[in-house]
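Note sheet for the following structure.
Numbers for residues simply follow the sequence, beginning at 1. None of these values were measured; they are calculated from a predicted model.
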Amino acid sequence: GIAVYLSFRFQRDYAFFAIVALLHDVLITLGVFAVLGLIAGVEVDSLFLVSLLTIVGFSVNDTVVIYDRVRENFVNTPELSVDEIVDNAVSQTLTRSINTTLTTLLPLVAIFLFGGSTLKYFALALIIGFVAGAYSSIFIASTLLAWWRGRSHRTKIVQA
């Protein structure tokens, strides 16, 4: 569903790299919990699955905000290179992305530290996933898009 939405809303390369960023976030969270399962005997339950779905939603939202700004900058400043356009888009949305992540992490850390044992690993999964999501939206999804667009643009120039 996410891939279809992103393909409809943006172009296919945007959607592909957003999915790569989502997989990064989910795999980081799964990896940390796999290690915790081996070391501390942490078990995965239905709340963990809910946390993964929440991470996906949060990360998609952050990536869409950045991609929307990239698309807007392509229209407003077509004379700039792809790298400059993506860099400007990330710079324009960086404060928003960091503030959103930090204000979400504050209650999650409080739930992790002071909440009940039922919500402890749920909050931990969200903390790990949201940090990975902010990282992947800012650094992975946008960088891969700039790399791909720059590469495909150079290929078109060489073929012409």
Side-chain donor/acceptor of Thr93 to backbone N/O of Arg96, under 3.5 Å: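 Pair absent, no side-chain N/O of Thr93 close to backbone of Arg96.
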
Is the backbone N or O of Ile55 less than 3.5 Å from a side-chain atom of Ser59, with the two atoms forming a donor-acceptor pair by type? no

When the ring planes of Tyr14 and Phe10 are compared, do they come out parallel, tilted or perpendicular, using 30° and 60° as the limits? parallel

Between [X] and [Y], is there a shared hydrophobic cluster once you connect ILVMFWY residues whose side-chain heavy atoms come closer than 4.5 Å?
X	Y	value
Phe8	Val60	no
Leu102	Leu113	yes
Ile111	Phe114	yes

Rounded to the nearest 0.5 Å, how far apart are [atom1] of [X] and [atom2] of [Y]?
X	Y	atom1	atom2	result
Ile127	Phe112	CD1	CZ	6.5 Å
Leu52	Leu27	CG	CG	10.0 Å
Thr54	Leu49	OG1	CG	9.0 Å
Leu144	Phe16	CG	CZ	8.5 Å
Ile19	Thr63	CD1	OG1	9.5 Å
Ser137	Asn61	OG	CG	8.5 Å

Report yes if the side chains of Phe58 and Thr101 come closer than 4.5 Å at any heavy-atom pair, otherwise no.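 A side-chain contact under 4.5 Å exists here.
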
Heavy-atom closest pair, residues [X] and [Y]:
X	Y	result
Asp62	Gly133	OD2-O, 4.3 Å
Ser51	Leu126	O-CD2, 3.6 Å
Ala123	Leu108	CB-O, 3.6 Å
Thr77	Ile85	O-CD1, 3.5 Å
His24	Ser136	ND1-CB, 3.5 Å
Ile138	Ser97	CD1-CB, 4.0 Å

Identify all side-chain donor-acceptor contacts of residues 29-47 below 3.5 Å with residues at least two apart in sequence or on another chain.
from	atom 1	to	atom 2	distance (Å)
Thr29	OG1	Asp25	O	3.0
Asp45	OD1	Leu47	N	3.4
Asp45	OD1	Phe48	N	3.2

Start with the C-alpha gap between Val82 and Phe74, add the side-chain angles, then the distance that decides, and say whether side chain to side chain contact (heavy atoms under 4.5 Å, CB included) holds. CA-CA 8 Å; Val82 174; Phe74 268 119; 4.1 Å; yes

Mind jotting down which residue pairs meet the salt bridge (charged side-chain N to carboxylate O under 4.0 Å, His left out) criterion with at least one end in residues 107-135? Sequence neighbours excluded, please.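 Applying salt bridge (charged side-chain N to carboxylate O under 4.0 Å, His left out) to every pair that reaches into residues 107-135, excluding sequence neighbours, yields nothing.
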
Salt bridge flag under 4.0 Å for residues Asp83 and Arg149: no

Candidate list Ile66, Asn73, Val65, test side chain to side chain contact (heavy atoms under 4.5 Å, CB included), partner Arg69, passing option: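 Only match with Arg69 under side chain to side chain contact (heavy atoms under 4.5 Å, CB included): Asn73.
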
